[in-house]
Structures are given as C-alpha cells and as structure tokens.
Amino acid sequence: ISINFVKVSSTSAVMAEGADCGSANPAKRKQPAGRKSRQSQGKRISSSRVCLEKVLGISTASSSGLTSDPNTGIIAYPAGCVVVLLHPKKNKQSHIISASRYADPELGVDPQGQVIFGRSGHMPCVRVWELDGGQVAEVQCHKYGISCVAFSSNSSYIVSVGYQHDMTVSVWDWKKGSIIASNKVSSRVFAVSFSQDSSYFVTAGNRHVKFWYLDASKERRVNSTVPLIGRSGLLGDHKNSVFCGLACGRGRTASNTYCITSSGLLCLFNSSRHLEAWVNLKTSSASCLAVSESFVYCGCADGVIRVFGPSNLQYVTTLHRPHRLGVDLAQSGQHGSLLPASPGSRYPDTLALTFDPAARHLTCVYNDHSLYVWDVKDVKNARKLYSALYHSGCVWSVEVYPELPEPAQACLPPSSFLTCSSDNTIRLWHADPPGAHTNLYSNDLLRILYVGENTQHLQAEGEAAGGDGKAGIKVLCISPDGRHLAAGDRCGNLRVFGLQFLDELVKIEAHDSEVLCLEFSPISTGVKLLASASRDRLIHVFDLERNYSLEQTLNDHSASITAVKFTGTASPEVRLVSCGADKSIYFQTAEQTSEGLQFSRSHHVVEKTTLYDMDLDSSRTHVAVACQDRNVRVYNVETGKLKKCLKGSSSDEGALLKVQMDPSGSFFATSCSDKNITIFDYESGECVATLFGHSELVTCIRFSQDCRHLITVSGDSCVFVWRLDAQMTSTMRKRRGVSQTSGKRETFITVPSSQLPQMEEEEERRTPCRLDPCPETSVLDLHWKSASMCTHRKLQLGTLPTHSPLMQMSCRSDFLLLKSAISSLVLELLSTRMSAHHTTTFRPLPCMPSLWDWR
C-alpha cells in the first residue's frame, strides 16, 4: 500500500526522492483533484539536474509534526519546507520538497500508512501525495494556516484545524476533494485525534477539550457542507489547564481519550466525556504523549518519558534519557542501562512522540533538535535503535575541508565539512558517512565543538539567542593547509582552533560587532595571513607566522563589510578585495615595508546597489559580486574594471544574498531573499537548476571538493546536501583536470585549450604520415595548470621505438581511435620499462575538452 501524503501549503509542492530510494517517475503522477497548482510542473523540471540527497536537520515543534507508518516503519518529520521520510533501520532518506516559503508542517498518519501535514501561509490548502507518485488531491478550507491535521482510522476523512484567528475545524473527503462538515472553535487548538471507529474526533488546546461527532447518515443525505456537532469535555477542577497533547485509546481502551497538560498532568476521559482519572507526572512540564494498546507514553521535561497503563493510569516505568547537553560524541558507552546523571547535568526536553504499533518503536524528538528511535518491545528494558543530533538554531556558515597534495597530512577525513550555528556549536559532518558507526549518537555527525560552557543555547529557539541576542558562531574559515579553523562569533570575538584535536589555540577580541567574514590567504600568495571583517566597518589582517598578531587595520568602508578575499601569486602581487553595504568594492595591493606587509588602495568601485557577497573564480583573477538588484557582476582584480554582468536569480523578487563558484569555475550558485537557490553556467549565464526546500534565508552555500555535492545551510536550522547530476560533475572535473575512473584505469593525454591553436598550426606544417627525423626526441612534453591547486605538473613520455603504433599515426581529431592506440602504447611501455628494470605507475591524467589524437 502506497503512503498518501496530505500537504498544507500556500503554493505547490514537488516530490524529490533521495539518492538511496531513486527518483519518482513523473509518468506515474496522478492529476490532483480540485484546484491544480500552476507552478508545480515547471518547478519540478527546473530542479531535475540536482536532487536532494540528505537533510541534516529537523523542524518538529510538537507531536503534530511527527508521525510514522506502521506498514513500512518510515518516520516522517518536517525540515524547513521539506518532509523527510526516514527509514531508521537502513539510515536512508527520501523527501517531499515544497516550493512554499513556509515551514513547520503538521503531520499525521493512519493505520494504512497515509500521512497528512499542514503549513501556514497565504490562503493555505490541504494536499494529498503518494509516496511513489505525486499529488492526488487538494482542498482549501482555511485562511491563515493549519494548526493540526489527522486522518480518520478508516482513511476516508481528514480533519484539519485552523489557527486561532481562523477558528475553523473542517472535515473533508480527500478522495473527492470536498469539505463535508465544518464548524467554529473559539480556543487555540494544539492537538487533534480520531477515535478508532472513526465515529468522532477530539480536539485539545488552551482550556479546551472537545468531542466532535460525525453523523454518517446525514453526510450521505446532504451534498453540501453540514455543521459539525461538538460537545465539550467535562474538565472539573482542571478547566483552566492548557492541554498540549492528545490521543484516543486503542484496543480494549478504544473508548478512552488521553490528554496531557503543560503543567504535568495525565488525564483520562471516558466515553461520556467525563474526566475519570488523572495522575501527576512529577515533572516541571509536559508536552506530548503517544498511546498504544498496552501503554501510554508521556513526554516530559529534562528528557523524561513516563510509561503508564491505559486502563487505570498505573505507573509502569520511565524510559532511558537521551544524551546530556554538551555530550562528547567521542565518549564510549552503551544505552543498555539507564546511565546515572552526573551532578549538574541537564537533558533536553521531550517535544514530540509517535508510536509504531507494528514494530513497537517509539520515536522521540527533543528540543535540542535531536531524534531518537527506541525499541520498546520490552518496555522495561528499552534499547536505542537510531539517533541523530542536529543544530537547534540558525546555521550561519558551512566550510568544506580542502583537498591537500598529501592526503596523509589531512587532519580530517575527505568529504568532511563543518557548520556553525546560533546554538554556540561547530559541528563536523561527513558527506559520505563510513559504513561503521563512528559514535553512539549519529551516523552523519563526527564531532561537536562547544564554544563556551553555557549549554542553555542548545535547547530552545526562544532561549537560544540569549538575553542580548548575540549568541552563536557567525562565520567559519579553514586554512589552506587544513590545520587551522577560524571562527568569528556574533560578539566580535575571533577564535582559532586546531583541526587535529579541535582545541582552541587563539582567542582575539577583534571587533566591536559581529564578525561577518573571514578569509585565509591562499598558498599561491606566498604569505600566511588571516583577514576578518565585521559590522563595525573594519578589516583586521593577522599574521599566522607570528601567532595571529595584528598586522594592519583597514578602515576604508563606511558600512558593514559583507565579504573579503585574498588573491595574487607572490608577495609583491598580493591583493585584498572587499565589498560592503556601502555599495563599494575596494581593491587593495600589498607592499613590503619596514613594518611588514601593508595594504594600500589601488582601485575603488562604487555601484548603485548594495553588495552582499563575493567570490573569486578558479583563476583568482576575477571576482564575482552578488548585488541587491539580483545581478552578479564580475570584475577584474588587477584593473578593477567590470568584465560582465550576469543574472543571479530566476525570479524577479527579492535581493541576491550569496554567490559561490564551484572549484572548477564552470558554475556558480546563488541564494536570494525568496529562499531559493539557483545554479548558473558561469560562461553563458544560463540557468542550470533552481532548488527549493529551505523555509528561511539561505545563509551559506558551498560546493564539495569532489564536485559531487552542493551544501546549503539556512536559518531554519537545517543543512541540505544536494547531489549534482553526473554531467555537471563531469564538466567540473574535466575543467579542474581530474579524470574519472570507474573500474578500469584509463590514461587521457590532454593539453590546455589555450595551447591548442598553436599546436594545431605546428602539426599542419608537418608532413603527414612522416616520422620525426630524430627518434630519440621526446614525443610529448605537456604542461598544464590545475585550477584547484594552482600548481604546474609535467608529464613526459620517454623515448618510444620507431615501430610503435603511436609513432605510425599522423594527427587527426578522431577520439575513437585514441583508446586502441593508448592501449597498445601502455603495453609497449610496460614491457620497455620492465626490461630496463624501471617501475612505472600509470595514473589517470586530467581530461580536458580538447584531446590530442593520432592516426
């Protein structure tokens, strides 16, 4: 049975399968019932070259945003504008991506595996999706947003409750796409649940528990919408309580209804709507509950989950707590037994619960944005099946670990990247997680670096910002040698960490306001500098070789500095380029003085629009600037003149905030204030792909060093890892000079495109089919420059016998003949080298667009 998803959104939603589950077949998509979306088809095609591979984040705020499918064991939860479908046993994800700009959908599931979710926004509507297809139904019944949604147990109906200002509760037949019953509700509703026989449903909220009854015979007689019949629960002494969790009974206790209050009370209502029993959970607060045929699970503060019997609310046990706040992922231990709490330890509060009755798995989400799946077959000896730890605040920056000439010198694994957030942590992730578990808590997260000892920022969205709103790490930058990590926080402090042990080396109170950008000088400049820029309009240049001592302060800008970059090939030609909110670009040139290296202004460019970000191309001779008018302007670093102006956004709204070049200089990615990401061809300016999924502004974009992924982070606390298609990866790798090998080892001989016309003229002057007079002359001596490392490598093929098949071929641009010629050449060289007692290692050579070929 396929899983049907019901989505509430202000705009259309699109389906995108993850890398492990394949892509959805557009041919199988059904036409939606009711109002169709005019944007879904075009947006689905535009992002076909890039797909969402993994989501590292969660946006669940209550049990309405978490659900599970008992048939497949899949867990569904929101992450930005994406609904993540997680298979915990396989650690695989698939996704439903929405082009909507609104987050925090509300989720629900029925016993047959149908899931619904809701979203706020202008004129929201409810949509139904199939996991292996697309949208199948849609109806609009609310004005401001949806608070919670639920399927009926027989999968025939869906109930949706609007926001407090909407004051509407509606029941609709999702297969027909029509509302069958509706009514008003005066209180704020937090939860809704259908009875097991689908004859009624219950809503709970602020001083509110109400039972709504469906008259099936009346619905069949009347074609139009009829009023819902509601009866309030008899609350007694608890009439002023806030009921934040709700679930109808199952099995023998199907006539019961269970509610939980924010003050920590578990209440039982009988079939007559009377408050029959209640029990104190002995906790400071409670937020959620889940019900099975045998137990009632109550989520409380400090990571506590109490378990009670469903018939008389008799206490059974308390489940294990999750990790403590500030946990070290490198520590060893198992969750086989309840670990004793050390003095002063704090644990995250439980936010959401959902129970899988088939597998008997309990899924929990905590307020530090961590996700746990517990196996509760033996409830008194529950064990952890899956866990993941994510950022709990806005993610400000992401940095990819660089490729080093000597992999043995790397401090971090390849394909790793780091992120920083308002939760005062720096997290080390792995784009391609190893098969074996590296720690007990996460398959994707390698390390967590806590900046400061205050763990309060890890918990709450409201508390994460702190009293002054200045908590968190704002920007990261990794040194070219891969040894140091620079981090600037929102208070103006600059910290430098050693990546080998993640220990703090230096702390500098550099600025009076938050640090906005950091940049290490590349190896090609011949100097080791670090530049930091801030909202205080200053650029500080530090010398790494003198323990990050201050070298110079530049105060040319008159407003916040948004980006700073180093470029150049030697000390006399070292340049510093910066742009800011004052609409200015300053080109600084370094000069060696008695006081050391000093930068002075060489060019000053003033634009008519604010400049938000900047990046250098692969040659580091041109700089691309993201402008407020949604254009990317490219300037020559040496002359400061405008080279070209490219369109930087696929829409006509918002401002361009970020721009990032890929390592080869073939493509550049941009993010706009409309929360979308667009990838363009750098040469032609053609739009390659448009990506949707973040619910807040995209704060940083990075391409991976292997040209396979695009990593984006956002204010929605989520990290998205996008997979680029094979054609884009091949284009970037060829331009970087990195050949691709799969199984067999092949050798490609290439030359730079700039040298090709001269070499072709030389070949035309030669006589065809005639060998060179001197057989001892080296046949080929090629030089090329790698765009990623900016270093020259040399390939020299030694002396070849005159009877070599390669020597008997004249020049001709026929690539198909090259393979056979190279194969013969390799065999002949092997025999020649081995006979001369030489050891030769054949490595793949970079493949460029223009190839040498011989006939």
Side-chain angles (χ1 to χ4, degrees), residues 63-64 108 110-111 148 150-154 157 159 161 169 171 181 183 185-217 228-283 286-300 305-317 353-355 357 379:
S63 290
S64 299
D110 77 336
C148 45
F151 257 114
S152 63
S153 301
N154 57 12
Y157 306 112
V159 58
V161 183
V169 54
V171 179
N183 209 328
V185 57
S186 57
S187 302
R188 183 180 180 184
V189 177
F190 295 111
V192 61
S193 178
F194 254 102
S195 64
Q196 187 170 358
D197 59 2
S198 301
S199 61
Y200 67 93
F201 65 91
V202 187
T203 57
N206 188 10
R207 296 184 294 180
H208 166 87
V209 175
K210 198 163 189 175
F211 294 74
W212 304 87
Y213 298 93
L214 299 176
D215 189 346
S217 59
L228 271 173
I229 300 175
R231 296 289 184 267
S232 298
L234 304 179
L235 305 179
D237 296 337
H238 303 287
K239 59 182 179 180
N240 293 323
S241 298
V242 177
F243 296 89
C244 53
L246 168 69
C248 292
R250 294 293 181 262
R252 295 180 181 180
T253 58
S255 60
N256 293 342
T257 301
Y258 305 91
C259 296
I260 195 171
T261 68
S262 59
S263 60
L265 299 178
L266 174 61
C267 303
L268 168 62
F269 291 86
N270 58 23
S271 57
S272 302
R273 299 180 284 108
H274 286 89
L275 180 58
E276 184 176 292
W278 59 271
V279 62
N280 190 342
L281 299 176
K282 297 183 179 180
T283 180
S287 57
C288 53
L289 82 163
V291 174
S292 68
E293 294 185 3
S294 304
F295 302 103
V296 178
Y297 304 92
C298 303
C300 308
I305 300 177
R306 310 278 191 202
V307 185
F308 297 87
S311 57
N312 54 3
L313 300 186
Q314 182 179 0
Y315 173 75
V316 177
T317 186
L353 295 174
T354 184
F355 182 76
V379 70

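The basis for the numbers below is simple: all heavy atoms, side chains too, and nothing from hydrogens, waters or symmetry mates.
- Counting heavy atoms from C-beta outward, Leu265 and Leu281 have side chains that stay 4.5 Å or more apart.
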Discussion item. Before you tell me yes or no, could you show the steps for Tyr200 and Leu214 under side chain to side chain contact (heavy atoms under 4.5 Å, CB included), namely the whole-Å CA-CA distance, both residues' side-chain angles and the distance that decides it to 0.1 Å?
Written reply: CA-CA 6 Å; Tyr200 67 93; Leu214 299 176; over 6 Å; no
Discussion item. If you apply the rule side chain to side chain contact (heavy atoms under 4.5 Å, CB included), what do you find for Val202 with Trp212, and how did you get there?
Written reply: CA-CA 6 Å; Val202 187; Trp212 304 87; over 6 Å; no
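- Taking the side-chain hydrogen bond (donor to acceptor under 3.5 Å, both in side chains) definition, one finds that Thr261 meets it with Ser263, sequence neighbours left out.
- Between the side chain of Ser193 and the backbone N or O of Leu246 there is no donor-acceptor pair closer than 3.5 Å.
- Residues Cys148 and Val189 are in side-chain contact: their nearest non-hydrogen atoms beyond the backbone lie under 4.5 Å apart.
- Considering only heavy atoms from C-beta on, Leu275 stays 4.5 Å or farther from Leu234 through its side chain.
- Side-chain N or O atoms of Thr283 include none that pairs as donor or acceptor with a backbone N or O of Ala286 at under 3.5 Å.
- Under the side-chain hydrogen bond (donor to acceptor under 3.5 Å, both in side chains) criterion, Ser195 pairs with Asp197, sequence neighbours left out.
- Considering only residues two or more places apart in sequence or on other chains, Arg231 meets the side chain to side chain contact (heavy atoms under 4.5 Å, CB included) condition with Tyr213, Ile229, Arg273.
- Not a single ring pair (Phe, Tyr, Trp, His ring centres under 6.0 Å) links Phe190 to another residue, sequence neighbours left out.
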Practice prompt. Report the C-alpha separation of Tyr297 and Phe355 in whole Å, then their side-chain angles, then the decisive distance to 0.1 Å, and conclude whether the side chain to side chain contact (heavy atoms under 4.5 Å, CB included) test is met.
Written response: CA-CA 9 Å; Tyr297 304 92; Phe355 182 76; 3.9 Å; yes
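- A distance of 12.5 Å separates OG in Ser152 from CD in Gln196, rounded to the nearest 0.5 Å.
- Ring geometry, Trp278 versus His238: the interplanar angle exceeds 60°, so the pair is classed perpendicular (tilted spans 30 to 60°).
- Atom SG of residue Cys298 and atom CZ of residue Arg306 lie 9.5 Å apart, to the nearest 0.5 angstrom.
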Run the side-chain donor-acceptor check on residues 308-317: report pairs under 3.5 Å with partners two or more places apart or on a different chain.
from: Asn312; atom 1: OD1; to: Gln314; atom 2: N; distance (Å): 3.3
from: Tyr315; atom 1: OH; to: Thr318; atom 2: N; distance (Å): 3.3
from: Tyr315; atom 1: OH; to: Thr318; atom 2: OG1; distance (Å): 2.7

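- You'll find the side chain of Val379 reaches within 4.5 Å of the side chain of Phe295, heavy atoms only.
- Separating the OG atom in Ser241 from the CG atom in Asn206 is a distance of 10.0 Å, to the nearest 0.5 Å.
- Using a 4.5 Å cut-off on side-chain heavy atoms (C-beta onward), Thr203 and His208 make contact.
- Put simply, the side chain of Val296 does not reach to within 4.5 Å of the side chain of Val307, judged on heavy atoms.
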Taking only distance into account, with no hydrogens and no angle test, what donor-acceptor pairs under 3.5 Å do side-chain atoms of residues 250-257 form with protein atoms, sequence neighbours excluded?
from: Arg250; atom 1: NH1; to: Cys248; atom 2: O; distance (Å): 3.3
from: Thr253; atom 1: OG1; to: Arg250; atom 2: O; distance (Å): 3.1
from: Asn256; atom 1: ND2; to: Tyr258; atom 2: OH; distance (Å): 3.4

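- Panel note: side chain Ser63, backbone Cys288; no donor-acceptor pair is recorded below 3.5 Å.
- In this structure, Val192 and Ala150 approach most closely via the heavy-atom pair CG1-CB, 3.8 Å.
- Looking only at side-chain heavy atoms (C-beta outward), Ser292 and Pro357 stay at 4.5 Å or farther from each other.
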Practice prompt. Check the pair Leu235 / Phe269 against side chain to side chain contact (heavy atoms under 4.5 Å, CB included), numbers first and verdict last.
Written response: CA-CA 9 Å; Leu235 305 179; Phe269 291 86; 3.5 Å; yes
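- When the shell of 6.0 Å around CG of Asn280 is examined, it contains more than 12 heavy atoms from other residues, nucleotides or ligands.
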